[in-house]
Amino acid sequence: MNTTLEAVSRRTAGTDTDNVAVTVPARELLAMLKKTRANGRPPAPALALTALRFQELGWIEARTFDYGTGLAATLGTQTALPTHERLVMGNALIHTLTEVARGAGKDLNVTLRWVRDEQEKISRLQLEAEGFELGIPSALASSAHEEYFDTIHAWPEPDKTANATATVDVQAFRALLDQVAHATSKDETLPVLTSINIEFSTDRITATTTDRYRVAMSWIPSRVNFSGNFLLRLTDWQRIRVLLDKPGDMMAHLSGVSEFGAFRELRLSGKDFRVFNKAYAESQFPKVKTLLPDRWEQHIEFSAAAMMRAARVISTVVERNTPLRLESTKDGTAVQIIGQFEEAQAKSPLIPVEGVSEAGIRTAFNPVFYREALKAVAGDKIRISFNETGKPVRVTNAAEPLERLVTEQLVMPVRMPNPDK
């Protein structure tokens with residue numbers, strides 16, 4: 001019986017029964033396979049496979065697809081030479097290649113060779129490097145696997161009923177989503193909140209997340225000729241972001257529209273990568289901007305490094321998730337972080353502040369939420385805006401004008417005792 005490997009290779013490169021091989025730098029191949037590796041525990045064995053397309057002069061492409069997210073990365077330059085295709089057990093190849101590269105020189109090359117076994121009528125994958133000849137498990141002998149290769153290679157075609165394209169800076173896009181990812185919900189019972197809302201408008205791309213206790217928003221300038229949004233699941237973003245590690249531009253293609261007006265599919269294509277993602281949740285993202293006050297009455301500014309250090313240190317000596325209190329001195333010239341563990345109290349040094357605050361600030365935060373908000377805001381100085389005790393607090397970069405903020409972190413305070421009672 002013909003194997004999947006034989007059937008697929010004949011389809012793309014004629015009669016492909018002789019030995020075929022490709023030689024590439026070991027560390028570059030390993031990085032490419034890790035970037036595109038299949039999800040942890042796929043629901044079906046076929047979803048753990050990696051599809052390789054390669055030419056014998058050194059071009060190679062690795063792809064994975066789980067019907068929700070497709071990842072592809074390439075190495076080298078594709079030519080007009082015949083292209084060979086193989087399905088392999090990606091994680092097995094990564095494991096073996098990791099050990100081969102460990103302790104070897106940085107310029108180590110490896111050869112992937114498919115050796116023809118005439119007795120069994122199959123092609124076996126062999127990894128060769130520095131005298132090693134290592135057999136690697138391959139996907140064999142199943143019509144379902146051949147069908148899967150077609151699926152993983154083609155990916156769904158765009159829905160022509162509604163689509164839009166934009167040119168986006170790769171590293172700016174990655175930094176944008178990373179700045180807000182921490183505020184995404186982990187609660188799978190609310191799937192829309194487990195996604196990053198990416199909104200495209202005429203002059204910018206805005207990313208927003210919320211877990212009901214905080215909100216993170218940021219934007220980057222971009223020339224976009226359409227309006228709409230896409231919900232990108234956090235776990236999918238964590239896989240996609242590793243491909244966006246080099247400077248340059250990429251094309252973003254959005255297609256399909258749900259009943260809530262959001263795009264259903266997102267495709268990203270850059271110099272050496274391609275991404276497909278299908279929206280996990282088809283729901284309307286909450287209108288989080290309604291949580292923001294029309295006006296912030298009071299603002300204080302302080303050193304970002306000093307505040308982050310104080311928050312980290314005090315968090316180590318209090319019970320987990322014990323609120324951190326942020327309090328101004330009586331004269332309003334400094335703030336201090338205070339933590340409580342049973343009968344013991346921990347206080348930070350006084351942190352000088354600048355800005356306008358009539359009554360000073362007295363509030364308390366979840367320690368993790370507060371530290372993540374501080375970390376997400378770039379800059380040497382942090383600005384905290386607030387109105388009154390018990391209401392949301394906004395964390396921003398003090399260098400950004402109030403009328404044109406780029407990144408905003410809205411943190412809901414936790415209850416604290418009223419000093420007047």
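Numbers here simply count residues along the sequence, with the first being 1. All figures in this text were calculated on a predicted structure; none of them were measured in a lab.
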**Q.** Exceeds 12 heavy-atom contacts within 6.0 angstrom, atom CZ of Arg239
**A.**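 Result for CZ/Arg239: enclosed.
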
Q: For atom NZ of Lys287, decide whether the heavy atoms of other residues, nucleotides or ligands shown that lie under 6.0 angstrom number more than 12.
A: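 Not buried by this count: 12 neighbours or fewer within 6.0 Å.
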
**Q.** Salt bridge present between Lys35 and Asp245 (N-O < 4.0 angstrom)
**A.**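 The answer is yes: the pair qualifies as a salt bridge.
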
Q. Is the shortest distance from a Lys or Arg side-chain nitrogen in Arg113 or Glu133 to a carboxylate oxygen in the other one below 4.0 Å?
A.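 Result for this pair is no, no salt bridge flagged.
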
Q: Verify side-chain hydrogen bond (donor to acceptor under 3.5 Å, both in side chains) between His299 and Glu354, making sure each step is shown before the conclusion.
A: CA-CA 8 Å; His299 311 275; Glu354 302 173 9; over 6 Å; no

Non-neighbouring partners of [X] that pass salt bridge (charged side-chain N to carboxylate O under 4.0 Å, His left out), sequence neighbours left out:
X	result
Arg371	none
Arg53	Glu61, Glu85
Asp169	none
Lys375	none

Side chain proximity check, [X] to [Y], heavy atoms < 4.5 angstrom:
X	Y	result
Ser255	Arg267	yes
Leu193	Asp187	no
Leu71	Arg37	no
Thr208	Ile196	no
Leu326	Ile384	yes
Val414	Thr363	no
Phe132	Thr96	no
Trp59	Val22	no

[atom1]/[X] to [atom2]/[Y] distance, rounded to the nearest 0.5 angstrom?
X	Y	atom1	atom2	result
Thr165	Leu254	OG1	CG	9.0 Å
Gln238	Arg233	CD	CZ	10.0 Å
Thr36	Met32	OG1	CE	6.5 Å
Leu324	Phe365	CG	CZ	9.5 Å
Leu410	Lys289	CG	NZ	13.0 Å
Arg102	Leu108	CZ	CG	13.5 Å

Q | Pairs satisfying side chain to side chain donor-acceptor pair (under 3.5 Å), at least one member in residues 195-207, at least two apart | A |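 For residues 195-207: Asn197-Asn229.
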
Q: Report the C-alpha distance between Ser218 and Gln179 in whole Å, list the side-chain angles of each, state the deciding distance to 0.1 Å, and finish with yes or no for side-chain hydrogen bond (donor to acceptor under 3.5 Å, both in side chains).
A: CA-CA 7 Å; Ser218 190; Gln179 275 192 306; 3.1 Å; yes

Q | Worked verdict on Arg241 versus Asp236 for salt bridge (Lys or Arg N to Asp or Glu O under 4.0 Å) | A | CA-CA 9 Å; Arg241 68 180 300 279; Asp236 292 339; over 6 Å; no

**Q.** Glu56 and His84: CA distance, side-chain angles, deciding distance, side chain to side chain contact (heavy atoms under 4.5 Å, CB included) verdict
**A.** CA-CA 8 Å; Glu56 293 188 81; His84 307 278; 3.7 Å; yes

Q.
Determine whether Glu259 and Arg264 satisfy the following criterion, salt bridge (Lys or Arg N to Asp or Glu O under 4.0 Å), listing intermediate values before the conclusion.
A. CA-CA 10 Å; Glu259 61 179 297; Arg264 283 195 170 102; over 6 Å; no

Q) How far apart are the C-alpha atoms of Phe276 and Glu265, what are their side-chain angles, what is the distance that settles it, and do they pass the side chain to side chain contact (heavy atoms under 4.5 Å, CB included) test? A) CA-CA 7 Å; Phe276 166 83; Glu265 296 176 352; 3.8 Å; yes

Minimum heavy-atom distance between [X] and [Y], given as atom pair plus value:
X	Y	answer
Gln298	Asn387	NE2-O, 3.3 Å
Ala216	Ala183	CB-CB, 3.8 Å
Ala281	Leu231	O-CD1, 3.5 Å
Pro293	Trp296	CD-CZ2, 3.2 Å
Phe230	Lys278	CZ-C, 4.2 Å

**Q.** Residue pairs involving residues 87-111 (criterion ring-ring contact (aromatic ring centres under 6.0 Å, His included); sequence neighbours excluded)
**A.**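 For residues 87-111: none.
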
Q.
Show, in sequence, the C-alpha distance, side-chain angles and deciding distance for Thr209 and Val215, and conclude whether the side chain to side chain contact (heavy atoms under 4.5 Å, CB included) test is met.
A. CA-CA 6 Å; Thr209 57; Val215 176; over 6 Å; no

Q. If you draw the axis of the six-membered ring of Phe369, does the NZ or CZ of Arg214 fall within 45° of it and under 6.0 Å from the ring centre?
A.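 Yes; both conditions hold, so Arg214 lies above the ring face of Phe369.
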
I'd like to check the side chain to side chain donor-acceptor pair (under 3.5 Å) partners of [X]; sequence neighbours left out, ordered by chain and number.
X	result
Lys246	Asp272
Arg27	none
Thr23	Thr111
Ser258	none

Q. Mind checking whether Trp237 and Phe173 have parallel, tilted or perpendicular rings, split at 30° and 60°?
A.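 If you compare the ring of Trp237 with that of Phe173, the planes turn out perpendicular.
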
Q | Step-by-step side chain to side chain contact (heavy atoms under 4.5 Å, CB included) determination, Leu268 to Val168 | A | CA-CA 9 Å; Leu268 304 174; Val168 184; over 6 Å; no

Pairs under 3.5 angstrom only: tabulate donor-acceptor contacts from the side chains of residues 394-401 to other protein residues two or more places apart or in another chain.
from	atom 1	to	atom 2	distance (Å)
Arg394	NH2	Ser385	OG	3.4
Thr396	OG1	Arg383	NH1	3.0
Asn397	OD1	Ala399	N	3.0
Asn397	ND2	Ala378	O	2.8
Glu400	OE1	Val406	N	2.9

(Q) List the residues meeting ring pair (Phe, Tyr, Trp, His ring centres under 6.0 Å) with Phe200, not counting sequence neighbours, and say none if there are none. (A)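 Once residues adjacent in sequence are excluded, the partners of Phe200 under the ring pair (Phe, Tyr, Trp, His ring centres under 6.0 Å) criterion are Phe226.
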
Q.
Assess the residue pair Glu388 and Lys391 against the criterion (salt bridge (Lys or Arg N to Asp or Glu O under 4.0 Å)); give the C-alpha distance rounded to whole Å, side-chain angles, the decisive distance to 0.1 Å, and a yes or no.
A. CA-CA 6 Å; Glu388 57 183 281; Lys391 298 297 183 181; 5.4 Å; no

